[in-house]
Novice: 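Structure below; questions to follow.
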Amino acid sequence: MSFVTQKPLELILARNLMSALSTPAFLVDEGGLLVFYNEAAGMLLGKRFEELGTVGPQEWGSLFGPFDESGEPIPYDDLPLVRAVRAGRPAHAELTVRSTDGSRHDVEVSAFPIQTPHGSQGAIAVFWPSLAGGNGMGPG
Amino acid sequence: MKVKLWGTRGSIPAPGPETIRYGGNTSCVGVTLADGSMLALDAGTGIRCLGLALPDEPTRLHILLTHLHLDHIQGLVFFAPAFRPQTEIVIWGPASPEASLRDRIARYISAPLSPVEVRELPCDVSFRHCPESEWEIGSARIRSASVSHRGPTLGYRIDDGDSSLAYIPDHEPALGADLEALEEDWISGFELARDASLLLHDGQYTDAEYPDHVGWGHSATSHALSFARRTGAERTVLFHHDPLHSDEQLDALGAEARERWGELGGDAGAIELAAERNEYELPARAAKATATA
Ligand SMILES: [Zn+2]
Ligand SMILES: [Zn+2]
C-alpha cells in the first residue's frame with residue numbers, strides 16, 4: 001500500500017487551527033506548494049479555497065499577485081511563506097494582494113516554518129491589515 | 001494473525017462488578033503473527049494477564065507503544081516475562097525531541113514510582129524509536145504514524161499476509177475538523193486504517209459527552225464511525241472505553257453505534273465494542289475476520 005498521500009500530522013493540525021481563526025492564514029507544504037488557506041483568507045482573495053483548490057506558483061501569481069510597493073509582481077519564491085519554508089526561518093513583508101474582483105489590499109505578512117521532529121513540514125503565513133493604508137479588510 | 005484484547009479501558013483501570021463484561025484493564029492487545037512472532041500493542045494493565053498467559057520459555061517479544069500516557073505503560077513493571085533472563089523484549093515507541101524513549105519510560109520505571117529500575121529488569125530489553133518508513137517484524141510489515149492526541153502519539157498498522165490490523169486507541173481526528181467533508185489525505189490516521197481488515201479505534205465518549213471533552217484527545221461515537229466509514233475498514237471495534245462507562249452503558253452505546261452504522265449504509269455486524277479477552281482471527285489469505293468471544 002502507498003502512504004505518500006497522507007499529510008503530516010503537523011500540517012493537519014495547522015489546518016484545523018487555521019480553520020478556526022478569523023485572521024487570513026495560508027499554509028504551504030515542505031515543497032512550498034500552497035495546500036490550504038482559511039475562510040478569512042478566502043474573503044480577502046474573493047475565492048474560497050474549496051473553489052480554487054491547490055494551485056501552483058504560476059496560477060497563484062496570475063490570480064492574486066502579490067505586488068511590492070512599486071506595483072511589481074513579487075516572484076513566488078520571494079513570498080514570506082516560501083522564504084520561511086525554504087530557509088527554516090521566520091519572514092515578514094508588506095505587500096499588496098489583488099482579489100478576484102480586482103480590488104487591492106495592502107497587508108503585512110508574517111510567516112514561520114513548521115519544524116517537527118522529522119524536519120520542516122511546511123510554513124504558515126498570517127495576513128494583517130497594513131497600518132499604512134486602507135485596504136478594506138474587515139475583521140473577518 | 002491472531003488478535004486478543006487484554007485491556008480495553010482508557011485513562012485508568014476500572015475494575016468492579018459494573019465493568020466485568022467489557023473489562024477494567026487499560027489498553028493492551030496481543031498479536032500473534034502468521035510466523036508465530038508475538039507483539040503486544042501497548043502495555044496498559046492488560047499486559048499483566050497477557051504475560052501470565054505466555055509459556056515460561058525463551059521468548060522474543062515486541063511491545064509497540066502508541067504513547068507514554070500511564071494507561072498505556074502501567075503494566076510494564078508487572079509483565080512477568082520482563083523478569084525472566086531468557087526473555088528478549090524490544091519496546092518500540094514515538095520519538096520525542098525532549099528525551100529518548102528509554103529515558104522517558106524510565107521516569108515511570110524508577111523510584112519512587114516503581115520498585116525496580118529499567119537497568120534492574122532481568123530480561124534483555126531494548127528501546128527503539130519507530131522509524132518513519134515501514135519496517136518488518138517476523139512475517140508482518142509494520143507502519144506507524146503520528147496521530148491527533150495529546151503529546152507525541154502514534155497509531156499502528158500491521159500487515160501480515162492479506163490481513164491488516166489498524167490500532168489507533170487514542171485519537172481525536174475530529175478536533176477542529178469535519179470528518180465527513182474533509183479530503184482523505186487531511187484526515188489524521190487515514191493511511192493507517194485505509195481498507196484495514198480490522199480497526200481498533202478510540203470510542204471513548206458518547207456524542208452527548210464529547211462537547212465537555214473537546215481537545216482531550218479522544219473520539220465521540222460518531223467520529224469513530226465517520227473515521228471507519230471514510231477509511232473503508234472492513235470491521236471496526238470501538239476501544240479505550242471511558243472508565244465511567246458501565247457494562248450497561250456500553251451495551252447501549254454499542255446498540256446505538258450499530259444502528260447509526262446501519263443508517264450510514266454499513267453492515268451492523270461490522271461495528272462492535274471491545275471486550276476484554278475477545279479474540280479475532282485474521283486469515284493470512286483474503287477473507288473476512290471472524291470473532292470468537
Ligand atoms: Zn489512553
Ligand atoms: Zn493518551
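Not measured: the values here are computed from a predicted model. Just so we're on the same page: letters track the sequence lines, and every chain starts at 1.
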Novice: Could you look at A/Leu11 and say if it's the side chain, the backbone, both or neither that has a heavy atom under 4.5 Å from chain B?
Specialist: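 Answer is both: backbone and side chain atoms of A/Leu11 are under 4.5 Å from chain B.
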Novice: So, taking the atom named CD in B/Glu184 and the one named NZ in A/Lys7, what distance separates them when rounded to the nearest 0.5 Å?
Specialist: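 Answer for the CD-NZ pair, B/Glu184 versus A/Lys7, is 11.0 Å.
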Novice: Using a 4.5 angstrom heavy-atom cutoff, name the option from B/Ser146, B/Gly189, B/Ser96 with the most pairs to chain A.
Specialist: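 Answer, by heavy-atom pair count under 4.5 Å with chain A: B/Ser146.
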Novice: Hey, what do you get for CG (A/Asn16) to CD (B/Glu172), rounding to the nearest 0.5 Å?
Specialist: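 Taking CG in A/Asn16 and CD in B/Glu172, the distance rounds to 10.0 Å.
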Novice: Sort A/Leu13 into side chain, backbone, both or neither according to what part of it lies under 4.5 angstrom from a heavy atom of chain B.
Specialist: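 Answer is side chain: those atoms of A/Leu13 sit under 4.5 Å from chain B.
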Novice: Report yes or no: does A/Gln6 contribute a side-chain atom to a donor-acceptor pair with the main-chain N or O of B/Ile187 at less than 3.5 Å?
Specialist: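 Here the side-chain-to-backbone pair exists.
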Novice: Which bit of B/Leu182 comes within less than 4.5 Å of chain A, counting heavy atoms only: side chain, backbone, both or neither?
Specialist: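 Only the side chain of B/Leu182 comes within 4.5 Å of chain A.
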Novice: For A/Glu69, look at atom CD and say whether over 12 heavy atoms of other residues, nucleotides or ligands are found less than 6.0 Å away.
Specialist: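 No, CD of A/Glu69 has 12 or fewer neighbouring heavy atoms, counting only those of other groups under 6.0 Å.
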Novice: Within the supplied structure, the quantity of interest is the number of heavy atoms (other residues, nucleotides, ligands) at a distance under 6.0 Å from A/Glu10 CD; does it exceed 12?
Specialist: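 Counting other residues, nucleotides and ligands, CD of A/Glu10 exceeds 12 neighbours.
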Novice: A/Leu9 and B/Val147: which non-hydrogen atoms are nearest, and at how many Å?
Specialist: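 Looking at all heavy atoms of both residues, the shortest contact is CD2-O, 3.3 Å.
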Novice: Restricting to non-hydrogen atoms, name the atom on A/Ile12 and the atom on B/Asp185 that form the minimum distance, rounded to 0.1 Å.
Specialist: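 Distance-wise, the nearest heavy atoms are CD1-O, 4.3 Å.
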